[in-house]
Number of protein chains: 2
Amino acid sequence: MIETATRDPELTRTRILESAFALFVDKGYAAVSVRQIAERSDVTKSLIHHHFGGKEGLWDEVKKLAFAQYYEGQKQELDQAEQPGPELIMQAVTNYFEFLRDNPGVVRLFAWTHLEGDTSCSEMDGELVRLGAERVRQAQQAGLLRGDVNPTHVVTIFVNLCTQWFEARDHHGAWPGMGSDEEFLEDFLKVFMEGLLPRA
Amino acid sequence: MIETATRDPELTRTRILESAFALFVDKGYAAVSVRQIAERSDVTKSLIHHHFGGKEGLWDEVKKLAFAQYYEGQKQELDQAEQPGPELIMQAVTNYFEFLRDNPGVVRLFAWTHLEGDTSCSEMDGELVRLGAERVRQAQQAGLLRGDVNPTHVVTIFVNLCTQWFEARDHHGAWPGMGSDEEFLEDFLKVFMEGLLPRA
DNA sequence: AAGCTAATTGACCGGTCGGCCAGTTAGTGA
DNA sequence: TCACTAACTGGCCGACCGGTCAATTAGCTT
């Protein structure tokens, strides 16, 4: 069927959002101009203003969507919970690691956002960590994990580590002796999981 | 004694560099204008161009100085080496952690630089990691650390973790259950060091 | 004291920024 | 069919961008 190029505001919005996402991810908010986004999405600059109110509004929308994608993905993983224990922790780490690996744009957007001091996603992320920490606490009380470490710290350790691994990928990717994503994760899990076991 | 405001190009350079460092750290390269730097250092825009060739030249100089400070500090710590072993690793982690804590500007500058895809500091940092990994390898061969993990990965784990802890400080600083810098480091070391011991 | 060099200034350049606005056009519902 | 609304366009605005340049001035050398 032949699609006549009629007006489709929904598609227009999507095209703008996708272009903006790609450019913001690549260069950050300050280094991207509305003109570039317009050109990339084959749309006039005025139309962006019409749909999103301006550069700032578009930026907010891009962040909102990316963070929603992040939050829903992680929440879903956390909700389909098995019984708390080492295996669950290991699975959570692996899930988180693979999500970041498969969504490099989201990772970079997070990084830009942090540097700009935007804390709008802080509560959202805090909620996820709170849920994770609760699982760790349960496992500790069941005697499956060592009880002398702060559960929030445990979650933060692997969240931060995975985050930095992908944020600084270009930086340390070529260092001598550095393994692949999978090899690094495997080594980390070896050390981390062993260190989390109850004292003998 | 009364200091007459005579010409002092060295001081001028320093004042410009300090202002530029503060602004670049705060907002990143793209979001800072030469005019802002000039105003902050009480100097004309032309003078910046005279001393540093332009915005890019100044940016390069700021990065160069910050990274030199980083490199020298870390190299010095690494060179005054004891015998490789768990205690040395623990000391290296603590040193690195405290350096980042005491140099938040450098941390943020690193972060901006990474996002911009600048890999000029990659070799420098790789050299430090290489030295650290060598120590780990020695400890492994002496049977003091478990031998079934990649030494480069071991170093990367704590480097990345410390880095992300301070880069995302504002982000996770207010989460419920999150402890202080010292408490977090302590918990991490508990898990990390235990996980690095040879298998029983 | 004369002369040279480099630090320093202020005015100016072309270009780009984000935003605005009047006008045109395409769907949509009465 | 005839408004009415919203999508969409192009041109324009003042502000700011980084950079340049000629002119001034301070300090050093001889």
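The chains referred to below are lettered A, B, ... by the order of the sequence lines, with proteins before strands, and numbering in each begins at 1. Note: hydrogens, waters and symmetry copies are ignored here, and every other heavy atom, side chains too, is used.
- With salt bridges taken as basic N to acidic carboxylate O contacts below 4.0 Å, none links B/K75 and B/E72.
- Between B/W112 and A/W112, the angle of the ring planes lies from 30° to 60°, which puts this pair in the tilted group.
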Distances for protein N/O vs nucleotides 10-14 of chain D N/O pairs under 3.5 angstrom?
residue	atom	partner	partner atom	Å
D/dG10	O6	A/S46	OG	2.2

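- Comparing D/dT20, C/dC17, C/dT8 against the side chain of A/Q36 picks out C/dC17 as the nearest.
- Under the 30°/60° scheme for interplanar angles, the aromatic rings of B/F192 and B/F188 are found to lie parallel.
- Whole-Å rounding puts the A/E10 CD to C/dG27 C1' distance at 15 Å.
- Minimum atom distance to the side chain of A/S33 is reached by C/dC17, of the listed D/dG18, C/dC17, C/dT8.
- Between B/F97 and B/F158, the ring centre distance reaches or exceeds 6.0 Å.
- Looking at every heavy atom in both residues, B/C121 comes nearest to B/F110 through SG-CE2, 3.8 Å.
- Of the candidates C/dG18, D/dT9, C/dT8, D/dT9 carries the atom nearest the A/L47 side chain, counting heavy atoms from C-beta on.
- The residue among B/H49 and A/T12 whose nearest nucleotide of DNA chain D lies closer to the 5′ end is A/T12.
- Closest to the side chain of B/V34, out of D/dC17, D/dG18, D/dA7, is D/dG18.
- Counting heavy-atom neighbours within 6.0 Å of A/E182 CD, excluding the residue itself, gives a total above 12.
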Set out, in order, the CA-CA distance, both residues' side-chain angles and the distance that settles side-chain hydrogen bond (donor to acceptor under 3.5 Å, both in side chains) for A/N150 and B/E183, then state yes or no. CA-CA 9 Å; A/N150 181 333; B/E183 289 163 346; over 6 Å; no
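- For D/dA7, the OP1/OP2 oxygens have a side-chain nitrogen or oxygen of A/H50 closer than 4.0 Å.
- Within 6.0 Å of CD in B/E123 there are more than 12 heavy atoms belonging to other residues, nucleotides or ligands.
- Between the CZ atom of B/F52 and the C1' atom of C/dT8 there is a distance of 14 Å, given to the nearest Å.
- In this pair, B/W59 and B/Y29 present their aromatic rings tilted. The plane angle is within the 30 to 60° band.
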Between protein and nucleotides 23-25 of chain D, what N or O pairs are separated by less than 3.5 Å?
residue	atom	partner	partner atom	Å
D/dT25	O2	B/R7	NH1	2.9
D/dT25	O2	B/R7	NH2	2.9

